[in-house]
Amino acid sequence: MNRLGAALVLLLAGGVLMLIQWVGIRAEYVADAEAQARVIASSSAAAVMFRDAAGAADTLAPLASVPMVRRARILDDRAATIARYPEVDRDRGPDRDDGADCRPGCTWVSAPVQLHGRRVGVVQLQIDMARAHARLWGLLLAFCIAALIAYALAYPLMRRMRERAHGAEAQLRYLAHFDPVTGLHNRNAFNVQLEDARSRGERMALIQIDLDRFKDVNDKLGHQGGDQLLRQVAARLAETLGEGQHLFRLGGDEFAVVLLEARRIAQVRGTAEAILARFAAPFVVDGVTLSITASAGTSLWPDDADRLDTLAANADMAMYCAKREGRNRVTTFEPRLREAQLARIGIRDALGLAIAAGQLELHYQPQVCARSGQLQGAEALLRWTHPELGTVPPSMFIPIAEEGRLIIDLGRWVVAEACRQVAAWHEAGHGYVRLAVNLSVRQTRDEALPAFIDEILRATAVPARCLELEVTESVLMEDTDLAVSQLARLRARGLQLSIDDFGTGYSSMAYLRRLPIDKLKIDMAFVQAVPGEGEAIASAILAMADAFGLQVVAEGVETPAQRDFFRDAGCQHLQGYLFGRAVPAAEFATTWLAAPAAAGARAGSRAPVAVQTLPG
């Protein structure tokens with residue numbers, strides 16, 4: 001059809017071109033003949049006036065040398081023929097008047113014969129258009145030859161363009177239903193699969209799978225490395241599935257499995273656990289061995305949803321619940337998850353307004369010298385009192401804040417408020433008190449954090465040594481190089497740095513020599529296991545810290561026996577309910593800064609307690 005269309009267009013263009021050429025050629029021939037007629041008319045005026053047939057014939061005689069003139073005649077003013085050329089027409093005979101007759105292929109032109117401005121006759125010439133036709137046929141032949149040559153040259157190009165167009169269409173059809181990275185069916189195909197199963201009235205189950213910490217892989221190996229990992233994951237998942245189980249890549253690091261005719265949640269959960277078991281073996285990408293896990297959420301149709309988008313939302317909700325509960329696990333959707341999700345959304349939205357509404361405050365828990373009982377500083381702990389919800393525990397709202405950038409705003413508020421409180425205590429005559437604040441994983445990756453801390457320290461005129469930043473071991477284990485770089489920038493400003501909950505991530509011990517830190521805080525679980533099995537671990541941590549020149553804080557000290565053990569084992573600082581709970585700033589100042597001796601007596605210290613503040 002394309003070739004036929006091209007031929008028709010070419011013929012139409014050729015016809016128009018030939019018509020234009022014919023009009024031009026004919027006009028040229030007619031103009032030449034009219035000029036010849038005018039010459040004859042000007043020469044035959046006297047002959048016409050005196051009816052001189054011989055003289056008129058002489059004026060027509062030169063036409064013998066003009067091939068395009070077939071016939072000619074001179075008429076007087078009464079239309080009587082005075083002379084003609086040729087004198088005897090072999091086709092018509094000497095006595096037949098040719099009039100205005102003209103066969104196809106010829107035309108008549110005329111010119112008036114005038115004498116002294118008066119018309120006395122007319123000269124008529126019959127022009128043979130054979131040569132004009134020959135020229136036109138020649139042009140037509142040249143056009144056809146040129147058209148054929150052009151078509152021959154253009155046909156391969158047209159074929160390539162057609163092949164490319166067909167290839168592009170095929171690629172678009174492929175991309176409409178397949179993922180270009182893994183070759184799996186994509187989200188469009190996923191939606192079609194769900195709709196088809198629903199229209200047939202089939203029971204089905206949906207498993208949503210998301211890789212754990214996939215962003216770290218992209219950060220470490222780049223997006224090409226991430227794509228290689230996704231292809232390997234897709235291959236492993238495809239090998240796990242059987243008949244009636246369809247695998248899709250929904251985007252990013254998110255996969256989905258649709259199980260047709262699934263009737264029991266135990267069956268669905270078993271399939272999901274088999275999928276996660278495929279992540280037990282490490283992946284190798286560009287020579288780098290990666291230990292990757294995944295989290296999965298399941299949902300049944302129509303048990304858990306009456307709409308397909310609700311089914312997908314339920315599975316997604318269950319999957320994110322699995323991530324919050326520690327990752328590398330399967331969570332089955334239950335109605336309580338939706339209720340919990342709505343509650344989480346409500347808390348998140350309320351928390352976003354809490355700073356401006358003045359609902360947040362810091363409480364301060366003392367840290368004392370293990371030997372003298374003197375106050376060494378305090379840890380600033382965030383508290384939230386909502387007008388309707390009441391006191392919201394940090395264990396509830398901190399994980400929600402850490403899911404997005406809200407934790408950045410909260411963390412900055414804590415740092416700024418802690419510095420303002422140090423400045424306020426100093427103005428009240430209590431000297432500079434060292435405060436420790438916690439940094440979340442996201443804060444350690446905030447490139448603007450060092451500059452923000454510089455600004456706060458300048459604004460409050462608080463020395464950098466008064467601010468101690470605590471990071472958990474998990475932060476260091478996730479991205480050691482990034483953590484070292486960020487901590488080095490902070491420590492270069494004179495800030496104190498410590499590792500919180502130390503001992504829970506043993507692999508990070510190998511990095512202690514690299515880390516720019518000043519203290520370790522022994523995890524509360526080991527402290528509370530003293531006396532008993534916790535003593536061996538605590539002693540090992542203290543010995544290692546001493547070897548690296550680090551100070552140690554025992555967190556969660558609640559009994560005199562625990563206090564005595566850590567003091568005698570060489571621990572420098574103690575923190576816990578034995579000495580005091582976290583209290584508001586005013587109460588902390590009254591209890592520890594204005595009347596430290598009484599606080600020490602209540603804490604059960606052997607030695608008198610005195611406030612040891614930093615020199616101001």
Side-chain angles (χ1 to χ4, degrees), residues 169-212 214-215 218 223 226-265 267-276 278-279 292-323 329-333 337-338 341:
E169 292 175 0
Q171 180 69 8
L172 289 176
R173 288 193 297 270
Y174 176 84
L175 293 177
H177 298 283
F178 290 89
D179 170 50
V181 176
T182 62
L184 299 177
H185 283 89
N186 61 12
R187 185 177 289 274
N188 288 336
F190 169 75
N191 293 332
V192 171
Q193 177 73 71
L194 294 182
E195 182 60 35
D196 288 346
R198 185 198 63 79
S199 63
R200 293 193 301 266
E202 294 185 13
R203 291 181 59 84
M204 59 181 165
L206 175 60
I207 304 175
Q208 299 248 121
I209 306 158
D210 193 88
L211 304 187
D212 296 330
F214 179 70
K215 181 179 181 299
N218 277 336
H223 289 286
D227 289 347
Q228 291 184 40
L229 175 62
L230 291 174
R231 284 190 284 270
Q232 294 184 33
V233 168
R236 288 195 190 182
L237 297 185
E239 294 170 356
T240 309
L241 303 180
E243 186 178 356
Q245 300 175 347
H246 304 275
L247 177 63
F248 305 85
R249 182 192 175 207
L250 303 184
D253 60 330
E254 189 174 2
F255 297 83
V257 177
V258 176
L259 283 66
L260 301 179
E261 295 299 331
R263 299 186 178 277
R264 295 182 298 108
I265 192 61
Q267 170 194 356
V268 178
R269 188 176 183 87
T271 302
E273 290 175 347
I275 290 173
L276 296 193
R278 297 289 292 172
F279 289 84
I292 300 297
T293 60
S295 301
T298 67
S299 182
L300 283 176
W301 172 272
D303 304 53
D304 298 332
D306 57 359
R307 293 173 47 181
L308 294 178
D309 56 349
T310 304
L311 175 71
N314 290 345
D316 198 57
M317 192 182 305
M319 182 266 293
Y320 278 107
C321 180
K323 284 186 174 291
R329 63 189 64 204
V330 179
T331 298
T332 300
F333 173 78
L337 295 182
R338 185 182 294 111
Q341 178 71 3

Checking salt bridge (Lys or Arg N to Asp or Glu O under 4.0 Å) between D210 and each of R329, K215, K323, which is the one that passes?
K323
Using the side chain to side chain donor-acceptor pair (under 3.5 Å) criterion, which residues pair with T293? Sequence neighbours excluded.
D212
Does this structure show an ion pair linking R198 with E195, if we count only N-O contacts that are shorter than 4.0 Å?
yes
Taking C-beta and beyond as the side chain, do L300 and V268 meet within less than 4.5 Å on heavy atoms?
yes
Please identify each residue that fulfils side chain to side chain contact (heavy atoms under 4.5 Å, CB included) with D227, with sequence neighbours left out.
V181, L230, R231
Side chains of R338 and F333 in contact at under 4.5 Å (non-hydrogen atoms)
yes
Quick one: side chain to side chain donor-acceptor pair (under 3.5 Å) partners of D306, sequence neighbours excluded?
none
Residue pairs fulfilling side chain to side chain donor-acceptor pair (under 3.5 Å) with at least one residue in residues 247-260, sequence neighbours excluded
D179-R249, Q208-E254
R200 meets the salt bridge (Lys or Arg N to Asp or Glu O under 4.0 Å) criterion, sequence neighbours left out, with E202
Are any of the side-chain heavy atoms of Q245 and V258 separated by less than 4.5 Å?
no
NE2-CD distance between H246 and Q193, expressed to the nearest 0.5 angstrom
4.5 Å
According to ring-ring contact (aromatic ring centres under 6.0 Å, His included), who are the partners of F178, at least two apart in sequence or on a separate chain?
Y174, H185
All heavy atoms of L260 vs all of A197, minimum pair found to be CD2-CB, 4.0 Å
Once ring-ring contact (aromatic ring centres under 6.0 Å, His included) is applied, do any residues pair with F255, and if so which ones, sequence neighbours excluded?
none
Applying side chain to side chain donor-acceptor pair (under 3.5 Å) to E273 and not counting sequence neighbours gives R269
For M204 and L194 the tightest heavy-atom approach is CE-O, 3.6 Å
For A322 against S295, the heavy-atom pair lying closest together
CB-CB, 4.0 Å
All side chain to side chain contact (heavy atoms under 4.5 Å, CB included) counterparts of N188, not counting sequence neighbours
N186
Hits for side chain to side chain donor-acceptor pair (under 3.5 Å) against E243, two or more places apart or cross-chain, chain-then-number order -> none
Can you find a pair of side-chain heavy atoms, one from M319 and one from I207, that are under 4.5 Å apart?
no
For residues L241 and I275, determine if any side-chain heavy atom of one lies less than 4.5 Å from a side-chain heavy atom of the other.
yes
Can you list the residues that meet the side chain to side chain contact (heavy atoms under 4.5 Å, CB included) rule with A294, with sequence neighbours excluded?
I209, L211, L276, F279
Over all atoms of both residues, closest heavy-atom pair of A315 and S299
N-CB, 3.8 Å
Do W301 and L308 make a side-chain contact, defined as non-hydrogen atoms from C-beta onward lying under 4.5 Å apart?
yes
For R187, which residues count as a salt bridge (Lys or Arg N to Asp or Glu O under 4.0 Å) partner, sequence neighbours excluded?
none
For a side chain to side chain contact (heavy atoms under 4.5 Å, CB included) with L184, tell me which candidate from L237, L247, L250 qualifies.
L247
If you draw a 6.0 Å radius around CZ in R203, do more than 12 non-hydrogen atoms from other residues or ligands fall strictly inside?
yes
Closest approach of D304 to N314 (non-hydrogen atoms, all atoms of both residues):
O-ND2, 2.9 Å
